[in-house]
Amino acid sequence: MPTDHAPAAPPYEPSAALTGALEAWAKSVDKEAELRHAARKAVADDLREARVPVAEIAEHVPWTPATVHGIANEYGVGDLIRANAANASERPAYKPSPALAAALKAWADSVGNEETLRKAARGAVADDLRAAMISNSEMAEVPAVPWTEETIRVIAKEHGVPGGRRRKTRTLRSKLAG
């Protein structure tokens, strides 16, 4: 019995450029997390060695005093010095250690690199959407793509990708009906 079904479209395969961009971005995210933890450890080491109040160190790092206090707890820093301690006025001004400064710089550089690679991955998604003529939902179904259909819609809009349509097959009955 003949049917009027269109042949099934071949399944979408991500391009090498998209796969490479997503892999590079994923590695940069892992590297950023590793360097963030190293910076947090350096803060804890400075708290141990410099014996200064949390608020003083917080002035030199991108975290609030509450976060620095949490870092101290996380890394088991013992007795913390209070800002209103008896000898607070006699204490020399705190200067971050070279290890802390280096850890913060490495982390900041990795954040910038991660942002650049994320933008490249989003651009690769847009390029694949344009080249493969697939819908946002089909792209979101690709296991390697970490974004939802809505995020892919935003990416497509940012990059001026024309809207794709999900391929549909029509039966003979639906064609005759209207």
Side-chain angles (χ1 to χ4, degrees), residues 14-130 136 139-140 142-161:
S15 70
L18 175 60
T19 306
L22 289 171
E23 287 173 359
W25 177 55
K27 287 179 185 175
S28 74
V29 168
D30 294 342
K31 185 67 172 173
E32 184 274 332
E34 175 186 320
L35 292 172
R36 183 179 65 247
H37 289 297
R40 291 172 66 94
K41 184 178 181 322
V43 167
D45 292 344
D46 257 25
L47 276 169
R48 259 188 220 100
E49 293 168 14
R51 304 291 301 154
V52 295
V54 165
E56 282 187 45
I57 287 186
E59 293 173 6
H60 299 276
V61 297
W63 296 300
T64 64
T67 303
V68 174
H69 197 275
I71 291 169
N73 289 337
E74 179 183 346
Y75 287 92
V77 176
D79 299 326
L80 295 176
I81 305 296
R82 291 194 168 283
N84 61 356
N87 62 352
S89 60
E90 302 167 8
R91 210 175 319 122
Y94 168 73
K95 184 175 183 231
S97 69
L100 175 58
L104 289 172
K105 182 176 181 345
W107 177 48
D109 292 346
S110 75
V111 168
N113 184 44
E114 185 270 334
E115 180 68 19
T116 301
L117 291 172
R118 184 183 65 82
K119 286 179 182 176
R122 289 171 68 103
V125 165
D127 292 343
D128 258 30
L129 280 170
R130 195 175 287 114
N136 300 336
M139 179 62 78
V142 174
V145 176
W147 296 299
T148 63
E149 180 180 350
E150 180 61 20
T151 303
I152 291 174
R153 187 191 66 76
V154 170
I155 292 169
K157 189 173 182 179
E158 286 173 355
H159 292 272
V161 177

Open item on the list: Main chain of Ser97, side chain of Asp46: is a donor-acceptor contact present, judged purely on distance under 3.5 Å?
Closed with: yes
Task: Sidechain-backbone polar pair: Thr19 side chain, Ala16 backbone, donor-acceptor under 3.5 Å - done: no
Open item on the list: Do Asn136 and Leu129 make a side-chain contact, defined as non-hydrogen atoms from C-beta onward lying under 4.5 Å apart?
Closed with: yes
Open item on the list: Salt bridge check, Lys27 against Glu23: does any charged N sit closer than 4.0 Å to a carboxylate O?
Closed with: no
TODO: Might you point out which heavy atoms bring Ala124 and Ala21 nearest each other, and give the distance in Å?
DONE: CB-CB, 3.9 Å
Task: Least distance between heavy atoms, Ala39 atom then Trp63 atom - done: CB-CH2, 4.0 Å
TODO: Supply the atom-to-atom distance His37 NE2 to Glu32 CD, rounded to the nearest 0.5 angstrom.
DONE: 8.5 Å
Open item on the list: Would you call the rings of Tyr94 and His60 parallel, tilted or perpendicular, taking 30° and 60° as the class edges?
Closed with: perpendicular
- [ ] Rounded to the nearest 0.5 Å, what's the gap from CG on Leu18 to CE on Met139? Could you check?
- [x] 5.5 Å
Task: pair Asp109-Leu35: side-chain heavy atoms closer than 4.5 Å - done: no
Open item on the list: Side chains of Lys119 and Arg122, heavy atoms from C-beta outward: is any pair under 4.5 Å?
Closed with: no
Task: Side-chain H-bond candidate by donor/acceptor type, Asp128 with Ser15, under 3.5 Å - done: yes
Task: Ala24 to Leu117 - nearest heavy-atom pair and separation - done: O-CD1, 3.7 Å
Open item on the list: Looking at every non-hydrogen atom in both residues, tell me the closest pair between Val52 and Leu47 and how far apart they are.
Closed with: O-CD2, 3.7 Å
Task: Nearest-0.5 Å distance that lies between atom CD in Glu158 and atom CZ in Arg153 - done: 10.0 Å
- [ ] To the nearest 0.5 angstrom, please state how far the CD atom of Glu114 sits from the CG atom of Asp30.
- [x] 10.5 Å
TODO: Measure the spacing between CZ of Arg40 and CH2 of Trp107 and express it to the nearest 0.5 Å.
DONE: 8.5 Å
Task: Distance-minimising heavy-atom pair for Ile152 and Trp147 - done: CD1-O, 3.9 Å
Task: Heavy-atom pair of closest approach, residues Leu104 and Pro62 - done: CD2-CD, 3.8 Å
